[in-house]
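Step one of this worksheet: look at the structure below.
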Number of protein chains: 2
Amino acid sequence: MNKRESSKVTIYDVAREAGVSKTSVSRYLGGRYDELSDKTRKKIELAISQMEYRPNTMARGLKSNKSYLIGIIVADINNPYTTAILRGAEDICSQNGYNLMICNSDNNPEKERGYFEMLLSHRIDGLILHTTGGNHDMLIQLQEQKTPIILLDRKVPDLELDTVGLDNFQATSQAVHFLADQNYERIAFFSEPASKISTRYERRQSFQQTLLSRSHPSSNDVYEVNVDDLQDVEAKLQHFLEKSEGKSRAILTANSVVLLKLILLLQEQKLSVPKDLAMMGFDNPEWSTIVYSGISTIEQPTYQIGVAAMEMILRRIDGQVSPAQTIAYQAKLNIRETTPFIQKS
Amino acid sequence: MNKRESSKVTIYDVAREAGVSKTSVSRYLGGRYDELSDKTRKKIELAISQMEYRPNTMARGLKSNKSYLIGIIVADINNPYTTAILRGAEDICSQNGYNLMICNSDNNPEKERGYFEMLLSHRIDGLILHTTGGNHDMLIQLQEQKTPIILLDRKVPDLELDTVGLDNFQATSQAVHFLADQNYERIAFFSEPASKISTRYERRQSFQQTLLSRSHPSSNDVYEVNVDDLQDVEAKLQHFLEKSEGKSRAILTANSVVLLKLILLLQEQKLSVPKDLAMMGFDNPEWSTIVYSGISTIEQPTYQIGVAAMEMILRRIDGQVSPAQTIAYQAKLNIRETTPFIQKS
DNA sequence: TTGTAAGCGTTATCAC
DNA sequence: GTGATAACGCTTACAA
């Protein structure tokens, strides 16, 4: 058989070329060499490499009822947080012979739903989900058909699901304590709207509780901004600036997107960081080292989160049954130039 | 049949539930309503939604010899350039009922090769490739089996392949002319090693030719740096700085990774931009607006590149035969604060 | 150690 | 209009 036809090389072609049955070839593919004579094995080996044969995943999956496909729906592929996780997940995934189907929901539940349908049609063996908060019914469907699900970062109410992410309470609390210890008299928390997203909610809760526990006056200086509407961000920033006039003050942002938008506005207004205002943010984007000679950040072990999520789902696929578990990693504070110590007046 | 078994709902189950044959169900799925009576159609409709039936892509693919899968191998998923392209490609892809398999080669030919094998096994209907420069043989295999290939950005020697990307000659030339017109007496070009990557090569070529054409003295101020080795970058930066001492000078970077590393070093050395040195770079990362009050950049229509690549491959999949074509987009210069006009002395 | 044959969930070709 | 039936490429009893 000619190379040019290699797209159509099937197990049967290989068998014919090697002068054996397709069963033997199948045994070879499955690595069951003990069921094969050396001679047969060599003949098959030769035929396969000569014909550039590659088993057809679809046929294999159809028969074995396994797709070797793992779906991952992420909320924002533009976010460095996301891509770091993807790399961790992908590395473990391919090491184990599985393939990753990456889907980007853009934080849009309808797009997310479309991907659910698609992945379901592909009969994925497992799903890693950075949820938008909607499509609860789809999750239930997956659960019913015993497809393992791992939640990334954001939890889902009512459902008992494995979860891998950050310890948001601890991380936020640590950052807030740090800022308060640096003697900032007013500290604001800027976040995207919490809506159904647990992470955002937890961080806000922790922010408020931590300040409350220290009797710090800022426990209500919480702002939810729509990052796609710069005017909205500006108005809320303005509100905080006016409210905290004359005090030493800091802003803590719930992610790097909010951080970026705020910096843009501060520069427009010619406000100086950290002189006029201290800044600290969740995530640790590459640019945080070069802006203001280094922005203080709360860094997550993103790659490791991806690794852990994938390892967990592979265990579930392998049949491990145990109650749903949660892995929460500790954050790392990177203290840089935007949060100096303030001498008490 | 019970919902709980939905993972196993097949076309046959639907047929039984609706009291028709699976042929009819298949006709329904294929949208061939004219071959169905209204009554039958309604019965099928009902059964499908009640049972939450979803056609099995693997079975469908096996039968029809189409996977509805398009592979895309990108060189660096951390790069915003890449994610923007992915979004463009993905949007068109899902609009047309195809699914994207995203693979990240990390600029590593061996990883790339692994993905080639995997995608080939999945019988992808087309491949979009941001090549590492290796694995020429795999491309030939794909060509032989008539699987359409579109190259992103980087060309491959010897092979006649559709290509979508930037007009690198034009873009670089435009940027160089701009910098020269701003009266910089020395202009350096910092790039990652060109090796087999056409884009890097073209940009360097264009840089040199443009300066030569203006009899500018810097046509040999070209540096290839290994971005993973900061010492290497630092040494080359130092070389240029010493060489150009006392002159007005600028650096043009071939991508945003190099740009970031250089800025890091400049800040360490307390060098001021643009006072001591002007900066301009390819790509337009989000942070370019907030560093140095705005870095001048050469922006590519990344989303559009992704869209165009996907549209092109879909046309090829649909059977369009025509000679390989190249789409080269024009770049957009964003003139910001890091490249001020220099008064001639 | 090897091979025959059935079947995975679809679609397509025939008959009726 | 409708429904048997035969593939698609593979794995796996079951035989030999």
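Throughout, a chain's letter reflects where its sequence line sits, starting with A, and its residues are numbered from 1.
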Check whether any side-chain N or O of S26(B) sits under 4.0 Å from OP1 or OP2 of dA12(C), and answer yes or no. no
Whether S24(A) contacts dG3(C) is assessed here as follows: a side-chain N or O lying under 4.0 Å from the phosphate OP1 or OP2. Is that the case? yes
Any salt bridge between E35(A) and R32(A), counting N to O under 4.0 Å? yes
If you measure from the Lys or Arg side-chain nitrogens to the Asp or Glu carboxylate oxygens, is any gap between D91(B) and K111(A) under 4.0 Å? yes
What is the distance from CD1 of I44(A) to C1' of dT2(C), rounded to the nearest Å? 10 Å
Does a side-chain N-to-carboxylate-O contact under 4.0 Å join D38(B) and R41(B)? yes
Run the salt-bridge test on D106(A) and R87(B) with the 4.0 Å N-O cut-off and return the result as yes or no. yes
Just how far, in rounded Å, is P of dT10(C) from CZ of R32(B)? 15 Å
When rounded to whole Å, the OH to C1' distance for the pair Y68(A) and dT11(D) reads 11 Å
Counting only heavy atoms not in Y98(B), do more than 12 fall under 6.0 Å of its OH? yes
By the 4.0 Å heavy-atom rule, please label D38(B) as base, sugar-phosphate, or nothing. nothing
Could you check how far CZ of R27(B) sits from P of dT13(C), rounded to whole Å? 12 Å
Q141(A) versus R54(B), side-chain donor and acceptor atoms under 3.5 Å: yes
Between P of dG3(D) and NZ of K39(B), the distance in whole Å: 11 Å
Ignoring hydrogens and angles, does a donor from either the side chain of T23(A) or the base of dT4(C) sit under 3.5 Å from an acceptor on the other? yes
Would you mind reading off the distance between K66(A) atom NZ and dT11(D) atom P, rounded to a whole angstrom? 13 Å
Distances for protein N/O vs nucleotides 6-9 of chain C N/O pairs under 3.5 angstrom?
unit_1	atom_1	unit_2	atom_2	d
dG7(C)	N2	K63(A)	NZ	3.3
dG7(C)	N3	K63(A)	NZ	3.4
dC8(C)	O2	K63(A)	N	3.4
dG9(C)	N2	A59(B)	O	3.4

For a 4.5 angstrom cut-off between non-hydrogen side-chain atoms, does M312(A) reach I128(A)? no
Could you check how far OH of Y28(A) sits from P of dT12(D), rounded to whole Å? 17 Å
